[in-house]
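First comes the structure, then the notes that go with it.
Please read all numbers here as calculations on a predicted model, not as lab measurements. By convention in this document, chain letters (A, B, ...) are assigned in the order of the sequence lines, proteins followed by strands, and residues within each chain are numbered from 1.
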Amino acid sequence: VSKPSDHLQGTLDLLILKILALEPQHGWAIAQRLMQVSGDVLQVSDGSLYPALHKLEQEGWITATWRPSENNRRAKFYELTGPGRRHLEKESANWQRLSAAIAAVIKLKEA
Amino acid sequence: MRWLHVIPLRLRSVFRRSRVEDELDEELRYHLERQTQAFSANGLAPDDARAAALRAMGGVEARKEQCRDARRVHLLEDSIKDLRYAARMLRRGPGFTAVAVLSLALGIGANTAIFSLVNATLLQRLPIVDPARLVYVNNGGPSAGAVFSYPAYAELRDANQVFDGFATWGGIVASLNADGATDLVSGAIVSGNFFDVIGVQAARGRVLTPRDDVTPGAHPVAVIGDGLWHGRFGGRSDIVGHEILLNGQRFTIVGVTPPGFGGAQLGVTRDLYVPMMMQAVMRPPRAGYTGEMDADLLKVRTNQWLFGIARVKPGISTAQMDASLSAQATAFHREVQPGAPPRPVAVTPVNDGPPGQRAQMVPVAALLMSVVGAVLLIACANVANLLLSRGAARQREIAIRLAIGAGRGRMIRQMLTESLLLALMGGAAGVLLAWALVRAWAMSPPPPGALPVALDFTIDLRVLLFALGLSVVTGIVFGLAPALRVSRPALSPALKDDVHVPEERGRWLTLRKALVVAEVALSLLLLIAAGLFIQSLRRATAVDPGFAAGKLLIAPLNVNLLRYTWPQSREFYQRAADRVAAIPGVESASVARIAVLTGGGSTRSLHIEGREATENQFQSEGRGLSAAGRRDAVSSNVVGAGYFHTMGIPLRRGRDFGAQDGETAPLAVVVTESFAATHFSNEDPIGKRISVTGPRGPWRAIVGVVRDSKYLTLSEEITPIVYLPLTQHRENGVTLHVRAAGDPAVLVPAVRAALQSLEPNLPVPNIQTMTSSLAASLYVSRMGAGLLAACGALALLLASIGVYGVMAFSIARRTRELGIRMALGAERRDVFSLVIREGMTLVGAGIAIGLGCALGGAQMLAAFLYGVSARDLPTFATVPLVLALVALIACVVPARRASRADPMTALRCD
């Protein structure tokens, strides 16, 4: 099993944080949401989602609580913390700068 | 803020592990169920749906492991496992553990003990309020450590703009008479604002205030220290208001300072505080010191005796303070003496300690720390060596662990855990050892006067932290190389239990040999230093002082504390000498201003009648003052009748002082042989006239020449001395010299009784034999030599263990090779000499490196040595021989074992 590259890892973290910024969610719902919004472009394996969640929790960006889910089973819901929200803002800005820069490079016309 | 979330999580991961694991299970299970449902809803059969969900997860156990990694539980868990494993390994090799812990304990213990000394002298802070804002105010510049006259202090106190408060104190020694006994007490005479400036409150009663410091002579109140209260007054509860006699005058105790407070100078404990206005009683000037018998020190500008301490206003830099104070001091001084040179005044932070003390202690501390540091390094090298041989023995175990997938990083961490555990055990034992050493020191304190400061050192929190830090660093230092080495075996031979691959053996040995060479070099350094110190001490003790030191008792007679007039003093000296001389067992007794070889001296300007004169006109007295090497000045002493006889200083020419040298008779002096040789090389000195007062006399005729003797210290060059008769030169305050027929020590009680029967108010606590006073002056050298010798011996022992260990290891690894050699016809003695040669090559390399370093670094020791060159040939020749001999013995044991091996057994040994 090859580890996702740092870049991809960072991207996954950003996506999770963004999804959680909308509303608290449990793992499975996050995975569904990822697939929906990215229109299947971003194939995040279910497996790599949980280590990422645990890591974000350890970092203090998100925090978890157990409560009943929509099908009335106990599920672990994650939500953004204050520092996590600030982290997300910073990382989103970074990402936008980076993608704008890459887009600009790609649009260069070959002579 | 983030840590508010993080810390409880981490702790939970470790301490509520099963709970966390259950949650992880449940979380993943929930995901799988939902996913299975989702796939079923898309039309998959239930079993297929479940399988698809599991596939999408990609291995549940692996994911769990990744989640655990994400939670970082492994780091802590592994550490605990490592620790358990390490403890088990150490228990399994009790011999190894004992040797390693013992070496480390000796190394860390020695370092901790010496550090507690450094802590006590250089790092301690005065127990006073906000010391960061306190400065010492030094008259004459930062290094002078010098002092103010009272008028100069008072002017600056009133005029300065930089201090919130400027206090002063002068050292006093007072005769304390209370409850029928008289003692000498060391204390301070302080300005009224002293306690306010340094921010110290009374533990009982009150401290002195500016109201106690208004009218000269009108404030007979005193504050005593906690030590005096408990030591002298038994801690009695009615101490406040208690009346005592100080220097014969009645004083009332108004308060007690808190425990631990000993004045404004670290390392000097003062137990008595009296107001400045009581100067005339508490610090009577000595005759001959100011030139006036009854100088009023509160008015005299030339007599500088007061230390300054001040609390600075916030926001003023040191440079600003110095500039402003210097300008004011210069201006005041020029009002009295127009056109006088500038008067620099400089402040130094109280937290830096008294400037002089620091300068004295730093080189000593540096020397001691490097010596014990070297011992610790040797101990480290030894333990590293032991770890390497254990590592070699554990190659198989380690290779197996590596082969079944343990990472090298894990292995290194585990080995470092082992060495850290060892180091911490060694550190704990070392602290116990240091504690024992400090206790032993407290049990046998140095003789009074042996050290410049009172050392009160204890194992406090800072010392403990030092020991802990040292243990951790030590553990890494000796553990890292073996851990790196051991964790990288050549796998396949190690698994086959065959470490006898030549290349492999070579790499093992190189590191171990390098360690042994370093050990030998370091111990050579220590042994040479020890040798030099011992030589120096031997020279110093063997020096002939020039008088019969072995039969002398000396007792200071501080009659100035009794405020005697000159006729009273003169009569008292005569009666004291007569009374003591009448004691059975006393041959003779006399008095002298300076008790030679106790550190105090007196120098005077010198003029010889008929020769061209300088305008020099001075006389100064104090610790360490000698006119050595000057032609325009001379060391001097004022002596009573019979002094030369009592001291055992033989007369060479002319006559001794006698009845004819009365107060009104022509002035007479006696000089030493070197004085005559220096100033009257080819003339007869008898009858020549000299002046020790000024260029215009009064002239004193030389009536006799006596043998040279040492003046300030045993280690000094012979310096010319002029003796003046007490009859013609007033001195308030002399030392009684008593010459015994037999052992002088037995006479101490009788002499004390005789003196106290003459004058009950005279404190004479310090009657000592000249021999013990000399021993006190050699105390530091003796301690230094003892310490270095102990460290050197320890280093030698450790290094020979190291040599033995590496040779035994080398031979054990070469049993087959040696077997082949012997099978092919090598004699036992060939094998024997092969091993010896190999071992001694290492020792030789170590000695060569050590000698090189010693020759290069010896100059650093020169300042501590007396009568021995820092490159003393006998020391440099003997020490390597001794070291080589001991190392040879360490090689012989394994060499004999090797040469006795049976070739057949050796060949089959695998």
Side-chain angles (χ1 to χ4, degrees), chain A residues 1-4 9 12-13 16-17 20 25-36 40 43-88 90, chain B residues 1-14 16-17 19-42 49-77 407:
Chain A
V1 191
S2 67
K3 286 185 183 168
Q9 187 65 56
L12 179 58
D13 290 354
I16 294 173
L17 289 177
L20 290 179
Q25 280 292 10
H26 53 76
W28 183 76
I30 297 171
Q32 299 304 307
R33 198 61 187 264
L34 267 174
M35 239 168 354
Q36 282 166 17
D40 288 351
Q43 286 284 341
V44 178
S45 94
D46 295 350
S48 48
L49 177 66
Y50 286 93
L53 282 170
H54 282 238
K55 199 184 115 238
L56 290 172
E57 190 186 0
Q58 286 298 313
E59 298 278 349
W61 307 135
I62 61 177
T63 172
T65 43
W66 288 87
R67 48 185 144 118
S69 67
E70 57 279 10
N71 66 351
N72 260 333
R73 286 273 319 275
R74 228 164 73 96
K76 195 179 179 189
F77 278 78
Y78 293 94
E79 64 186 301
L80 221 53
T81 62
R85 197 168 295 279
R86 284 191 290 282
H87 184 66
L88 171 62
K90 209 176 77 195
Chain B
M1 274 304 286
R2 208 142 67 84
W3 293 103
L4 280 179
H5 297 284
V6 174
I7 291 171
L9 268 179
R10 295 269 158 94
L11 293 176
R12 196 163 168 265
S13 305
V14 174
R16 312 289 301 272
R17 228 178 84 212
R19 179 90 182 268
V20 171
E21 281 290 306
D22 288 348
E23 287 184 2
L24 181 59
D25 264 357
E26 192 178 346
E27 187 178 18
L28 293 184
R29 206 162 55 231
Y30 177 81
H31 178 99
L32 287 174
E33 274 169 26
R34 292 295 299 261
Q35 194 63 26
T36 310
Q37 282 171 14
F39 283 138
S40 304
N42 283 354
R50 171 125 192 114
L54 280 172
R55 252 198 322 280
M57 181 67 80
V60 177
E61 281 312 311
R63 292 312 174 192
K64 280 190 188 169
E65 194 61 23
Q66 283 176 2
C67 289
R68 285 181 206 123
D69 272 345
R71 291 190 160 270
R72 318 238 172 100
V73 284
H74 284 304
L75 200 65
L76 256 159
E77 262 183 21

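Contact check for Trp28(A) versus Gln35(B): side-chain heavy atoms found under the 4.5 Å cut-off. You'll find the side chain of Tyr50(A) reaches within 4.5 Å of the side chain of His31(B), heavy atoms only.
For His87(A), no part lies near chain B; criterion is any non-hydrogen pair under 4.5 Å. With a threshold of 4.5 angstrom between heavy atoms, Glu23(B) approaches chain A through its backbone and through its side chain. Only the side chain of Gln32(A) has a heavy atom closer than 4.5 Å to any heavy atom of chain B. In this structure, chain A has a heavy atom under 4.5 Å from the side chain of Leu24(B), while its backbone stays farther away.
Ranked by heavy-atom pairs under 4.5 Å with chain B, the list Ser69(A), Gly82(A), Ala64(A), Gly27(A) is led by Ser69(A). If you tally non-hydrogen atom pairs under 4.5 Å between each of Leu56(A), Thr63(A), Thr81(A) and chain B, the highest count goes to Thr81(A).
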**Request:** For salt bridge (Lys or Arg N to Asp or Glu O under 4.0 Å), just list the numbers for Glu27(B) and Arg74(A), CA-CA rounded to whole Å, side-chain angles, deciding distance to a tenth of an Å, and then say yes or no.
**Result:** CA-CA 9 Å; Glu27(B) 187 178 18; Arg74(A) 228 164 73 96; over 6 Å; no

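Here the CG atom belonging to Leu28(B) is positioned 9.0 Å from the NZ atom belonging to Lys76(A), to the nearest 0.5 angstrom. In this structure, the separation between CZ on Arg34(B) and CZ on Arg73(A) is 9.5 Å, given to the nearest 0.5 Å.
Judged as a ring-ring contact (aromatic ring centres under 6.0 Å, His included), and not counting sequence neighbours, Tyr78(A) has no contacts.
Considering every non-hydrogen atom in both Cys67(B) and Pro51(A), the closest pair reads SG-N, 3.6 Å.
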